[in-house]
4 protein chains.
Amino acid sequence: MADLLVIAGRAYGSRLLVGTGKYKDFAQTRAAIDASGAEIVTVAIRRTNIGQEPGQPSLLDVLPPEQFTILPNTAGCFTADDAVRTLRLARELLDGHALVKLEVLGDAQTLFPNMPETLKAADILVKEGFQVMVYCADDPIQARMLEDIGCVAIMPLASLIGSGMGILNPWNLQLIINQAKVPVLVDAGVGTASDAAIAMELGCDGVLMNTAIAAAEDPVRMAGAMKKAVEAGREAWLAGRMPKKFYSAVPSSPSGGLIGAT
Amino acid sequence: MADLLVIAGRAYGSRLLVGTGKYKDFAQTRAAIDASGAEIVTVAIRRTNIGQEPGQPSLLDVLPPEQFTILPNTAGCFTADDAVRTLRLARELLDGHALVKLEVLGDAQTLFPNMPETLKAADILVKEGFQVMVYCADDPIQARMLEDIGCVAIMPLASLIGSGMGILNPWNLQLIINQAKVPVLVDAGVGTASDAAIAMELGCDGVLMNTAIAAAEDPVRMAGAMKKAVEAGREAWLAGRMPKKFYSAVPSSPSGGLIGAT
Amino acid sequence: MADLLVIAGRAYGSRLLVGTGKYKDFAQTRAAIDASGAEIVTVAIRRTNIGQEPGQPSLLDVLPPEQFTILPNTAGCFTADDAVRTLRLARELLDGHALVKLEVLGDAQTLFPNMPETLKAADILVKEGFQVMVYCADDPIQARMLEDIGCVAIMPLASLIGSGMGILNPWNLQLIINQAKVPVLVDAGVGTASDAAIAMELGCDGVLMNTAIAAAEDPVRMAGAMKKAVEAGREAWLAGRMPKKFYSAVPSSPSGGLIGAT
Amino acid sequence: MADLLVIAGRAYGSRLLVGTGKYKDFAQTRAAIDASGAEIVTVAIRRTNIGQEPGQPSLLDVLPPEQFTILPNTAGCFTADDAVRTLRLARELLDGHALVKLEVLGDAQTLFPNMPETLKAADILVKEGFQVMVYCADDPIQARMLEDIGCVAIMPLASLIGSGMGILNPWNLQLIINQAKVPVLVDAGVGTASDAAIAMELGCDGVLMNTAIAAAEDPVRMAGAMKKAVEAGREAWLAGRMPKKFYSAVPSSPSGGLIGAT
């Protein structure tokens with residue numbers, strides 16, 4: 001039986017979601033996304049043309065909505081109002097598409113989420129029929145509030161956007177994962193393949209990343225590495241890891257008798 | 001161009017080496033090894049029948065030397081003499097096979113290597129024409145001594161055998177990797193997929209493990225996870241990860257203009 | 001010149017604040033607090049008699065307000081309303097005392113703060129003239145909101161109350177410390193002396209703890225250890241630590257000439 | 001009853017041992033050592049005049065052997081022969097003084113110990129009647145060999161000399177401490193106060209440092225911080241820390257009834 005990621009009732013084979021920023025051109029964007037195996041790609045509506053600038057090249061020419069689930073996001077929004085307005089525009093441009101990624105940032109330096117504005121925007125968007133995947137702090141109480149509002153996925157940061165610092169606080173992520181009934185995806189902070197594997201081994205349902213791929217020396221190769229890392233972490237979680245031990249007095253080949261002991 | 005692991009002049013496509021102990025039976029051993037994609041499998045000569053007990057089932061029936069590079073190891077040896085004797089026996093049983101894994105243990109509780117005995121055994125074995133892959137402490141000075149003796153691969157522990165504690169001291173591994181001219185493989189301590197990825201991201205040439213696969217709840221699934229984790233870590237290292245930053249004032253979609261900025 | 005902690009205009013020589021719960025009796029409470037050198041002691045109003053139960057032993061008999069700054073706290077409150085009511089009662093019992101510690105908890109299991117209710121309560125309390133020290137998540141944006149409301153000290157958790165897990169995310173603490181204009185004190189999560197030292201080395205102005213002392217095998221001895229640890233961390237921060245280096249090619253005694261080189 | 005550090009039959013009140021290199025002048029050396037409270041000070045014989053250059057200023061004028069236990073060390077020695085020769089000279093200069101610190105380095109870049117040469121030198125020195133405190137790798141097997149040879153204290157590195165990286169592998173230190181019957185002191189790698197506290201909380205008997213004090217911006221203040229940190233870590237270890245818990249459902253003030261619950 002396939003191990004699928006189900007978000008808002010739709011099933012995906014890939015648990016790696018990717019952004020579309022910071023590539024050198026649309027061709028590289030597409031090549032990296034292909035290598036990543038991602039089915040959901042997120043697009044910063046305020047920075048990327050998906051039709052709002054007619055006559056200009058559109059990202060949708062490179063990433064057609066027939067092939068990819070386009071996930072409009074509110075990168076660059078610092079208030080609930082801005083974020084809501086941005087996603088209404090996206091819905092129009094994408095013919096009524098309801099699945100969106102909400103992020104309301106606290107300041108331009110850290111890009112840490114502004115949680116009060118995020119809660120406010122989530123509430124409005126859910127009531128307007130959006131399916132809201134939400135970037136948030138690794139705060140288990142506010143994560144639950146977002147779920148209670150009706151968000152379809154909780155997306156705590158692992159570390160600051162664009163920092164590549166990896167999973168700074170796995171314990172908080174664990175608290176969020178343990179309680180959530182909707183998918184939990186790490187969003188922000190992954191820097192290299194092992195970070196993605198660790199997120200999945202904690203029990204995350206998926207990982208969203210952009211800079212870790214786009215800012216690697218070889219983005220397309222890194223995209224492939226991330227695909228495998230997410231799968232490796234997921235499979236390791238499903239396989240049930242060995243317990244950690246301070247030491248094992250038992251050698252890696254047990255000593256009880258010769259045959260059958262292998 | 002293929003990215004191959006070359007040990008003692010022979011090239012391998014897989015960078016994951018696996019043990020054969022702790023499985024419930026030979027069928028599971030074989031299934032897990034197939035899932036791991038390993039081409040080199042290590043066998044504890046003192047605990048596993050590869051012909052020294054005629055009439056008993058032999059591991060070589062399940063893992064034929066035509067398909068796998070059998071790497072005899074000296075698990076359970078606590079002196080140079082024992083280790084040397086064991087590998088001479090292995091060479092006989094395996095028709096002159098020269099590639100071996102030397103491990104001389106310091107005590108039965110920690111299974112930490114006994115470095116003076118390891119150095120002594122390595123010296124004897126190299127002089128006798130063995131191609132010695134050597135389990136050792138994460139000590140950059142003694143690692144270099146082993147290389148100077150003529151060992152064909154340096155295999156420092158990441159943490160204690162069978163502990164699953166992961167990479168306890170990445171800095172020492174880094175020192176060893178930076179200076180080595182032969183392959184460096186992490187041997188011992190990997191507990192889950194991300195540990196293997198981290199080892200490869202440090203620049204290791206490969207990883208050897210047994211318990212992390214055999215003692216997982218689902219060993220075959222974990223073997224597949226490890227295959228992907230090793231590949232993910234290797235490709236991430238080749239791809240060149242983004243730099244870590246305390247924070248990035250630059251959003252994950254850059255803000256300079258609308259189009260082309262994606 | 002003395003290095004004093006100034007909170008709400010009042011200066012303290014000690015940077016260690018302690019709780020009063022979990023001791024075996026009032027005598028042990030007092031002995032531990034004496035050993036800690038704390039000048040500010042926090043009291044859970046909903047659990048401790050400071051006069052609301054006339055005729056019962058009062059903690060104030062053991063910790064007279066003439067000797068200690070009593071800091072009433074709202075442990076056990078899960079809503080802004082409860083917390084505000086509790087602190088109004090405390091003000092009455094303590095003759096108009098304005099300095100309080102606000103904590104509004106998110107759930108009984110994790111004791112993680114409920115930030116929306118915390119922000120709401122802080123706003124009410126500040127308007128009513130309280131000097132609010134506030135327990136909060138390690139969220140730099142909401143920490144700044146609390147400061148903007150007028151809180152006199154920001155008190156992020158290091159890890160969950162009563163967990164003893166230490167500083168899980170020093171980077172978030174750093175962000176909070178770097179931006180704050182009021183004192184930042186770590187509140188919750190310290191488990192042993194080095195945790196307190198690390199908090200101070202990050203630049204915290206103080207540390208508040210209870211379980212780490214009260215639940216040690218020897219609480220009075222641990223209180224003394226914590227006093228020294230907080231001082232050590234503070235002094236190390238003031239002294240300016242050496243830079244971390246991957247390695248130093250320079251021996252710890254420099255090699256340039258014999259004399260004067262010491 | 002006083003908690004004393006006993007090395008080679010002699011008791012010391014301070015568990016902080018300090019080096020004498022890298023200070024700007026002898027006056028600062030002395031001021032820092034006074035602030036540290038150290039009773040044992042180590043001197044690099046090959047770099048510091050303690051009488052071998054008559055007519056030159058001697059460190060012993062500043063640190064008289066009547067007040068301090070002078071611990072000659074072999075910093076800068078890369079072979080057993082060099083180290084042994086250096087300590088014989090020191091014994092002469094110091095009127096038959098037997099307590100010495102042996103360090104034989106592996107290379108000039110990392111200053112990691114050369115363990116085979118260290119074992120060889122230790123054996124010679126013990127047979128010649130020296131009381132050997134020995135700098136070594138954090139290798140529990142070779143640590144035990146050094147103890148079996150008769151060394152009076154085992155001094156594993158926490159991280160590379162002069163790196164200030166702190167305790168990289170607390171698990172290996174733990175193995176060494178658990179088995180040792182002579183004092184174990186961390187030697188090398190401490191960078192700031194909390195590092196020293198952590199070493200002591202692991203159960204080390206003492207800490208030796210030089211660069212962390214001498215290369216701080218304010219060495220004398222850092223020396224005082226280190227004194228408190230070592231004491232704090234020791235007392236915390238003696239006091240018995242609270243257990244770590246993922247979370248405590250029990251608030252830091254227990255909820256069972258009002259009075260007596262404090």
Side-chain angles (χ1 to χ4, degrees), chain A residues 19-22 29 44 47-49 53 56-57 59 75-76 108-111 160-165 191-194 197-198 201 210-212 215-218 221-222 224-225 228-229 231-233 235-236 238-242 244-245 247-255 258-259 261-262, chain B residues 19-22 29 44 47-49 53 56-57 59 75-76 108-111 160-165 191-194 197-198 201 210-212 215-218 221-222 224-225 228-229 231-233 235-236 238-242 244-245 247-255 258-259 261-262:
Chain A
T20 53
K22 292 193 175 174
T29 309
R47 301 207 180 93
T48 311
N49 188 28
E53 306 251 338
Q56 297 287 344
L59 186 68
Q109 184 185 45
T110 65
L111 308 177
L160 297 180
I161 292 176
S163 70
M165 293 283 279
T192 188
S194 56
I198 291 169
E201 288 167 354
N210 184 10
T211 314
E217 288 172 34
D218 181 343
R221 188 169 225 163
M222 186 58 91
K228 287 179 180 167
E231 293 172 3
E235 289 170 25
L238 291 170
R241 65 159 290 160
M242 64 174 288
K244 287 191 186 187
K245 293 186 262 190
Y247 47 69
S248 166
V250 182
S252 77
S253 305
S255 51
L258 190 67
I259 298 303
T262 47
Chain B
T20 53
K22 293 192 177 178
T29 308
R47 303 207 180 93
T48 310
N49 187 26
E53 307 252 338
Q56 298 287 343
L59 186 69
Q109 183 184 46
T110 65
L111 308 177
L160 297 181
I161 292 176
S163 70
M165 293 283 280
T192 187
S194 57
I198 291 169
E201 288 166 355
N210 184 10
T211 313
E217 289 173 32
D218 181 344
R221 188 170 225 163
M222 186 57 91
K228 286 179 180 166
E231 292 172 3
E235 289 170 25
L238 291 170
R241 65 158 291 160
M242 65 174 289
K244 287 191 186 188
K245 293 186 263 190
Y247 46 70
S248 165
V250 182
S252 77
S253 305
S255 52
L258 189 69
I259 300 302
T262 45

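First the proteins, then the strands, lettered A, B, ... as listed; each starts at 1.
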Using modelled atom types and a 3.5 Å cut-off, is there a donor and acceptor pairing between side-chain atoms of B:R241 and backbone atoms of A:G164?
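At least one qualifying donor-acceptor pair exists.
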Quick one: does any side-chain atom of A:E201 pair with a main-chain N or O of B:A193 as donor and acceptor, under 3.5 Å?
yes
How close do [X] and [Y] get, heavy atom to heavy atom, and via which atoms?
X      : Y      : result
A:S194 : B:A197 : CB-CB, 3.9 Å
A:M242 : B:A212 : SD-CA, 3.6 Å
A:A236 : B:A225 : N-CB, 3.6 Å
B:M165 : A:K245 : CG-O, 3.3 Å

Who wins among B:T192, B:D218, B:I198 for the most heavy-atom pairs under 4.5 Å with chain A?
B:T192
If you measure from the Lys or Arg side-chain nitrogens to the Asp or Glu carboxylate oxygens, is any gap between B:E231 and A:K228 under 4.0 Å?
yes
Pick from A:G191, A:G233, A:G19 with the largest number of heavy-atom pairs that fall under 4.5 Å of chain B
A:G191
